[in-house]
Each structure stands twice: as structure tokens, then as C-alpha cells.
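What follows is a single structure, written as C-alpha cells, with notes after it.
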Amino acid sequence: MDVTDSLALTAYHEGLLKIFQELAAIVSLERLQHRIVAAAAELTDAESAGLLLHDGRAGLLRFVAASVQADILLDIPVPIEGSIAGDAFTSGQPVVVNDVPADPRHFKAIEEKVEIKAHSLLAVPLQYLQRRVGVLEVENKRNGRPFDDGDVTLLLLFASQATIAIENARLIEALEQHRTQLEVLVDERVSEIKQINAQLQIEVVERRRAEAELRKLARAVEYSASTIVITDPTPRIEYVNPAFTRITGYTLDEVRGKNPRFLKSGRHALEFYQELWGTLVSGEVWRGEFINRKKNGELYYEATRIAPMRDAAGQVTHYIAVKDDITDRKRSEEALYLLNERLKILREIDQAILGAQSPSAIARAGLGRLSQVAPAKRVSVIEFDTGGVCEVLAIEATHELGLDVTGWLKHLYPLLDEKPHIQGVANLQTQPNRTPLQEALHAEGVRTYVIVPLYEQEQLIGALILESDHPGVFTADHINIAAEIAGMLSVALHQAQLRASLALRTEELEAQNAELDAFAHTVAHDLKNPLGVVSAYSEFLATYIDRLDPSQLKQAAELTAQSALKTVTIVNNLLLLASTNKQAVELKPLDMAKIVQEAQQRLRNLILEYQPEITLPGEWPVALGHAPWIEEVWANYLSNALKYGGHPPALELGGELLPIVPGNHITSWLARFWVRDNGHGLTPEDQARLFTPFERLSQANIGGHGLGLSIVKRIVEKLGGTVGVESAVGQGSTFFFTLPASGK
């Protein structure tokens with residue numbers, strides 16, 4: 001991939017991320033829907049796009065937004081049965097139709113009313129958690145092109161983000177409606193309280209004016225919805241109205257003569273009561289809110305006004321407290337506050353997740369503020385690979401539970417694979433017939449847990465887990481929040497996987513481009529010399545053959561033959577190097593003694609020339625591989641050792657089994673083979689350049705065409721092994737390779 005393509009790809013992903021961020025920032029549902037269809041058409045290069053949401057009562061789909069002729073489409077209901085959009089909604093899978101008129105599911109009622117005719121169509125379902133909410137479709141790829149797999153993948157990715165944005169906008173819209181209703185109720189209640197206060201004040205004035213009005217006031221107090229408490233100056237309760245009994249549970253007989261402090265909840269500081277009495281002693285009316293405790297122990301909120309009553313001499317004779325139960329209002333305000341905080345935190349988590357790149361960074365961002373909305377002592381994000389192997393992406397824990405989850409992690413994937421839904425136990429202490437996972441959790445001190453699976457395109461990719469050492473701490477609201485965060489994590493982790501796949505593919509293409517450049521260099525330069533010799537001597541012989549004596553003819557023919565052989569060798573090595581990229585082989589147990597013998601037979605001329613001393617082991621370990629390729633490995637190693645070893649060469653061949661011991665437990669074995677020579681040895685710089693395609697060392701005594709060790713590396717890595725060299729100047733070299741062992 002050249003720089004221009006790379007920059008274009010980067011700009012494309014930045015544009016896509018910008019669209020996702022824009023969707024997350026739009027709170028107006030109608031504006032969001034119009035932006036979704038515009039972005040869908042733009043991303044897929046389509047002429048138009050439409051957004052249909054499911055009408056559960058009518059059992060059909062309805063357009064809520066369209067990029068063209070929306071005023072017509074919004075009035076056309078689309079049946080689920082017998083329509084392309086309905087098929088995508090029912091199946092939960094994307095539907096691509098590149099010949100719409102010929103498709104029996106084509107809903108012709110739309111075509112009869114709109115000017116634009118659909119020729120090609122791509123429809124994807126909108127799914128929120130386990131619920132499908134609608135369909136996003138795009139029509140008529142520009143320039144008559146068909147929709148392809150890339151369009152499907154892109155629209156699915158965009159649809160998942162759009163679905164979350166739609167649900168968030170719906171939630172915000174519902175919140176605004178609730179807020180409006182609450183404000184109306186508060187206004188009504190305040191108005192009612194004002195009316196009551198006005199009435200009470202009138203009654204007090206009337207009581208001073210005339211004894212006859214006292215009975216009227218007493219009746220008003222008796223039937224008042226507000227709690228009224230009258231105390232003497234000490235203060236001891238003299239009277240409470242029926243509203244007091246209804247709200248607190250205490251009768252007048254139970255509280256008469258008591259100080260009102262028995263209602264204290266312990267929620268107010270000493271300074272609160274000091275300020276209250278300071279106001280009353282100064283002769284003013286105190287206004288405030290109490291959090292008191294009922295007879296049954298339940299807390300309740302009261303909006304209270306306490307006024308001192310004075311006689312003609314100005315002495316305080318009584319205190320009258322008028323109190324309104326505002327518990328419901330307080331709870332509504334608290335619920336509204338918590339909902340606002342929840343939305344704020346979810347939005348922050350969503351932004352943090354979108355800003356993260358690696359899976360672990362995404363997981364850490366998801367856990368960043370989860371502890372603020374859920375009382376978990378340990379939270380973790382686990383990722384599954386395609387084989388069900390678990391990896392901890394992020395974990396946060398207090399000292400009560402700790403960070404070690406190895407005891408139960410192995411039980412997680414089988415459990416979710418069998419029951420792919422949200423799971424948990426409120427109290428492991430009382431749980432009968434605990435599963436292996438539950439036993440492991442219980443042994444660690446866990447008493448309650450919630451496991452939320454992470455899904456992307458109906459594939460289980462991981463889990464979000466909340467744990468606590470106290471039973472029953474997770475409410476339904478906590479679980480809903482965890483599910484929402486799990487949905488964000490699923491989308492972000494899938495996006496990270498797409499980015500990683502793209503980066504890996506880019507790296508592979510860059511490596512292939514570099515290899516092609518080096519391949520061309522070898523063909524252009526390394527083949528040039530031997531072919532030039534063949535061409536020159538062929539022309540020389542054709543011109544002067546009748547003038548040359550037999551010895552000159554023989555010399556020219558031998559040089560021509562040697563150069564031709566070198567050319568054939570280079571071509572064969574190039575073909576072998578290229579074939580390892582494409583050829584798939586089956587790994588089988590190797591007869592290494594036979595393979596080494598055949599490699600020596602191929603090098604018999606070199607062996608006769610250099611007269612080496614070769615030491616072989618009495619027994620070879622059995623490895624898995626492909627015999628023809630391993631013969632090439634030995635031939636390259638032996639050829640180099642003969643040419644660049646000592647004078648004469650002394651070569652030692654060997655093999656051994658090496659255990660693989662992750663976590664102090666042997667899981668498998670490797671077979672390691674080597675060729676040790678008595679040559680001059682290599683510097684660290686020269687060692688770093690070995691095994692690189694088309695690379696040659698610069699020493700005058702080392703020739704060759706630079707392909708041998710790169711072929712060795714390609715072959716061994718294709719077979720699941722590694723290559724390397726151990727060397728020091730003046731101490732010879734040991735070239736080795738490893739392969740999977742065939743048993744111990």
C-alpha cells in the first residue's frame with residue numbers, strides 16, 4: 001500500500017469515527033434519524049437511504065426518516081412478511097439485492113408512489129441488546145455498481161452505532177417528558193402548599209380576633225393534609241393532628257409530652273439544629289427540610305415551617321410546626337438526579353471507549369466509572385478467542401477480592417456457551433448445588449455476581465463481570481447499566497478487531513511489496529552475472545570455436561556450464577521461496593536421520609571438495625514437519641558450514657527435546673536441531689542480518705546469492721518453528737531450528 005492509499009484509509013476511518021461521535025452527540029431523535037440516513041447513503045455511496053422502525057402494535061415497519069421524498073415514505077407502512085426490509089428484520093441478517101425489480105420480496109407499493117426506482121438495495125437489522133428495533137437500508141449504489149461485502153460490513157458497523165444512538169435519544173426524550181411532568185406536579189404541589197399556608201395564616205389571625213374562629217381553625221388543622229405539631233416552649237408536644245399519625249404511625253397519646261427529637265433520623269448534623277433554634281429564639285419563622293424516621297423505622301422527608309407563638313406580653317407560649325410530606329417528590333428528584341448522573345456516566349464511558357484503540361484500553365475505559373454506578377468489589381472484562389480461550393482485558397478490584405481470577409476463569413466460556421445470556425446469583429452462600437464456577441467464586445469470598453456476555457453480530461466475544469463479597473447488592477438497574485456498557489464494549493472491541501485486522505493486512509501487504517522489490521532485485525542483478533557469462537561464452541564459442549584448441553574449448557564449456565548451473569540454482573531457490581507462501585502441507589513425523597543422509601548425498605561434491613569431519617548423534621528426536629522442506633533446511637545449513645567453517649571443517653549435528661513451561665507447568669515440547677561449525681564466527685551486526693530475504697553479508701570470504709537462510713526461515717516458520725544462530729568471533733557458529741515435537 002503506497003502512502004497515498006494509507007493516508008486515504010486513515011482519513012476514511014477518521015471520517016467514520018467523526019460520524020460516530022456526531023451521532024453520540026445528537027439528542028434530538030428526529031434530527032438523529034435524518035442524520036443516520038444521510039450518513040448511511042454517504043458511507044455506502046448510495047443514491048438514497050431509509051430508516052424503518054418496528055411498530056409492535058401494528059406488527060409492521062414504518063419509515064421514520066429517508067434521504068429523499070421522506071414526506072411520501074413516512075405515510076407508507078411496510079409489512080414484515082413479503083418485504084426485503086421485513087426479511088432483514090425477521091432474520092436478523094443483512095440482505096443484499098442487486099436486482100430489486102426481479103426479487104419477489106420487492107414491496108411495489110413504495111415504487112408506485114415515489115419517483116426514484118430501486119435497482120439495488122442493502123438492508124441491515126437494527127439490534128439493541130437482544131431486541132431488534134428496525135431496519136436501515138440503502139438503495140442504488142452510484143454508477144450502477146452492486147453492493148458488496150465491504151458495504152455490508154460497513155453498514156452493519158454503522159447500524160450498531162446508530163442503534164445505540166437511537167436508543168439513547170429515545171431515553172433522553174422520555175427523560176425530558178418525565179422532567180416536564182415532574183415540574184408540573186411540583187408546581188401544583190407548591191401552589192397547593194401556598195394555598196394551605198395562606199389559609200393557615202388567615203385562621204391564625206381569625207383565632208386572635210375571635211374565639212368563634214378558633215373552632216373553624218381547629219377543624220382546618222384536624223383535616224389538613226399537612227402534619228401539624230404544637231409544642232410548649234420547652235418543647236414538649238401538646239398536640240399533633242391526624243395527618244401526623246397517618247404519616248409517622250404515632251398517635252397523639254404516644255407522643256404527648258415528648259420532645260420531638262424522638263423523630264430524629266441521625267441524618268442531620270448538630271449545626272442544623274443549632275441554626276433552627278437560633279432562628280426560633282430570635283423570634284423568626286424557621287423554614288427547612290427534615291429527614292425523620294417513622295415508627296416503623298422508615299425514613300421520610302418533610303418540608304417544615306416552625307413559628308413561635310407569643311402572648312400579649314411578647315413571651316413565647318407555643319411553637320407550631322406545619323410539615324408537608326415531600327418524600328415522593330424527593331425520591332422523584334433523587335431518581336431524576338441518578339438518571340442524569342447515569343446518562344452522564346454512560347456518555348463519558350462511551351466517549352472514553354470510542355477514544356481507546358487497543359482492546360485492553362477499551363476495556364479499561366469501560367470499567368473506568370462503572371464502580372460509581374454499581375457497588376462491585378471487583379469488575380473485569382474478559383475476551384474469548386474463536387476457540388473459547390479466555391483473556392483478561394481489564395480488571396479492577398478492592399483488597400476484599402483481589403485481582404487473581406485464575407481459579408474460575410476456565411469455567412467461564414463453557415457456561416456462557418451453554419447459556420448465552422445474562423447470568424448471576426444473589427447469594428452464593430445459600431445457593432444449592434453450586435456449579436464449578438460458583439464453587440470457585442465462593443471459595444474466593446464472592447457472595448453475589450453478575451455476568452453479562454459481550455456479543456458482536458451474534459458471536460460471543462467476551463463477558464463483563466461484576467462481583468461483590470456482600471450478597472444481594474446488585475439491583476435490576478445495576479444490571480441494566482452493565483448491559484448498556486457491555487453493548488458499548490462489544491461494538492468498540494469489534495471495531496478494535498477490525499482495526500487490528502486492517503493493520504495486520506497492511507503489514508502483510510507492505511511485507512509482500514518489500515519482498516517483491518527484493519525479488520525483482522535478485523532477478524535483475526543476481527541472475528545478470530551468470531546469464532552474462534553464459535551469453536558471453538556462448539557468443540565467444542560461436543565466433544571462435546574453429547580457432548580454439550581442445551583445452552580452451554573445455555575451459556569455455558566448463559565456465560558456461562557452471563554459470564548455467566548457478567542460474568538454475570538461483571531460479572530453483574526463488575521458486576522454493578515463493579512456493580512456501582502458497583503451498584499448504586500436512587505435518588507428519590520426520591525420519592530425521594534419513595533426511596540428513598539425503599541432504600549429505602545432495603552435497604557429496606562439496607563434501608569431497610572440503611573433506612569435513614561430520615559428527616552425527618546416535619538418536620534423533622522425532623519432530624513434526626514436511627520432509628522435502630526440512631531437507632532443504634539441512635542442505636542450506638550444511639552447505640554454509642562446509643563453505644565458511646574451519647580448514648578443514650569440523651561439523652557437529654544434533655537434536656534435543658525442549659519443554660514449553662508456561663506458569664511452571666509443561667504444556668508441550670519442541671524439537672531443536674543444530675549444525676555447529678569451527679569457522680571464524682559472526683559479529684552481532686552480521687547475525688542481525690541473517691535469515692533476511694535477499695541479504696548477503698559483506699565479508700569477502702562469504703558469497704552466495706542471499707536466498708539460502710531466508711528460505712530456511714520461511715520454511716521453518718511455515719511449519720510452526722523458529723530459526724536462529726549462536727555465534728561469537730573466533731568461536732565458530734551454531735545454526736539451529738525448532739519444530740513441534742511428535743510426543744515426548
Side-chain angles (χ1 to χ4, degrees), residues 1 3-51 64-68 94 122 124 126-128 134 136-138 141-142 147-172 343-359 361-366 368 456-457 484-485 487-503 505-506:
M1 179 180 292
V3 175
T4 302
D5 291 338
S6 178
L7 291 174
L9 184 59
T10 301
Y12 178 80
H13 281 280
E14 290 176 350
L16 186 60
L17 179 60
K18 183 177 180 182
I19 291 175
F20 287 170
Q21 293 172 340
E22 182 182 352
L23 293 184
I26 298 175
V27 297
S28 167
L29 182 59
E30 181 178 357
R31 181 172 163 235
L32 174 65
Q33 291 167 348
H34 287 297
R35 182 64 186 106
I36 287 172
V37 296
E42 176 186 350
L43 288 173
T44 58
D45 198 23
E47 292 181 359
S48 62
L51 177 63
V64 296
S67 59
V68 296
L122 166 58
V124 298
L126 301 177
Q127 184 147 338
Y128 184 72
L136 178 61
E137 62 178 27
V138 291
K141 185 95 171 175
R142 296 188 185 276
F147 291 106
D148 56 21
D149 291 341
D151 296 319
V152 174
T153 301
L154 181 60
L155 197 59
L156 281 171
L157 176 64
F158 176 74
S160 65
Q161 192 69 23
T163 305
I164 294 174
I166 290 173
E167 292 301 318
N168 286 343
R170 284 178 167 176
L171 184 60
I172 291 172
L343 291 174
K344 177 182 177 182
I345 291 173
L346 288 176
R347 193 174 295 113
E348 290 176 357
I349 292 174
D350 188 30
Q351 293 300 317
I353 289 175
L354 288 174
Q357 295 296 318
S358 68
I362 291 169
R364 288 193 300 271
E456 183 56 38
Q457 298 181 358
E484 292 172 1
I485 295 175
M488 299 176 189
L489 287 171
S490 298
V491 173
L493 288 174
H494 181 63
Q495 292 173 348
Q497 291 171 355
L498 292 177
R499 288 194 297 270
S501 298
L502 180 61
R505 181 57 181 158
T506 301

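Below, each value reflects all heavy atoms present in this structure, side chains not excepted, and no hydrogens, waters or symmetry copies. Just so you know, residue 1 is the first one in the sequence shown, and it goes up from there.
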| said: Between S67 and V37 (side chain of the first, backbone of the second, donor and acceptor by atom type, cut-off under 3.5 Å), is there such a pair? | reply: no
| message | Tell me every residue that passes salt bridge (Lys or Arg N to Asp or Glu O under 4.0 Å) with E22, counting only those two or more places apart in sequence or in another chain. | response | R35
| Smallest separation among heavy atoms of L136 and G50, with atom names | CD1-O, 3.5 Å
| note | Contacts of D148 meeting salt bridge (Lys or Arg N to Asp or Glu O under 4.0 Å) (sequence neighbours excluded), chain-then-number -> none
| field | Heavy-atom side-chain proximity of Q127 to T163 below 4.5 angstrom | value | no
| query | Residues two or more places apart in sequence or in another chain: which of them pass salt bridge (Lys or Arg N to Asp or Glu O under 4.0 Å) with R31? | reply | none
| message | Applying salt bridge (Lys or Arg N to Asp or Glu O under 4.0 Å), can you list everything that pairs with E47, at least two apart in sequence or on another chain? | response | none
| query | In Å, rounded to the nearest 0.5 Å, how long is the span from CG of L126 to CG of L51? | reply | 6.0 Å
| For A46, all residues meeting side chain to side chain contact (heavy atoms under 4.5 Å, CB included), sequence neighbours excluded | T44, V138, F147
| said: How long is the straight-line distance from CD of Q33 back to CG of L23, given to the nearest 0.5 Å? | reply: 12.0 Å
| message | As a quick check of understanding, evaluate side chain to side chain contact (heavy atoms under 4.5 Å, CB included) for I166 and Y128, giving each step before the final call. | response | CA-CA 9 Å; I166 290 173; Y128 184 72; over 6 Å; no
| request: Would you mind listing every salt bridge (charged side-chain N to carboxylate O under 4.0 Å, His left out) that reaches into residues 149-164, with sequence neighbours excluded? | output: K141-D151
| Expected output: side-chain S160 to main-chain L157 donor-acceptor under 3.5 Å | yes
| request: Check the surroundings of atom CD in E42: do more than 12 heavy atoms from other residues, nucleotides or ligands lie under 6.0 Å from it? | output: yes
| query | Just how far is it from atom NE2 of H34 to atom CD1 of I26, taken to the nearest 0.5 Å? | reply | 11.0 Å
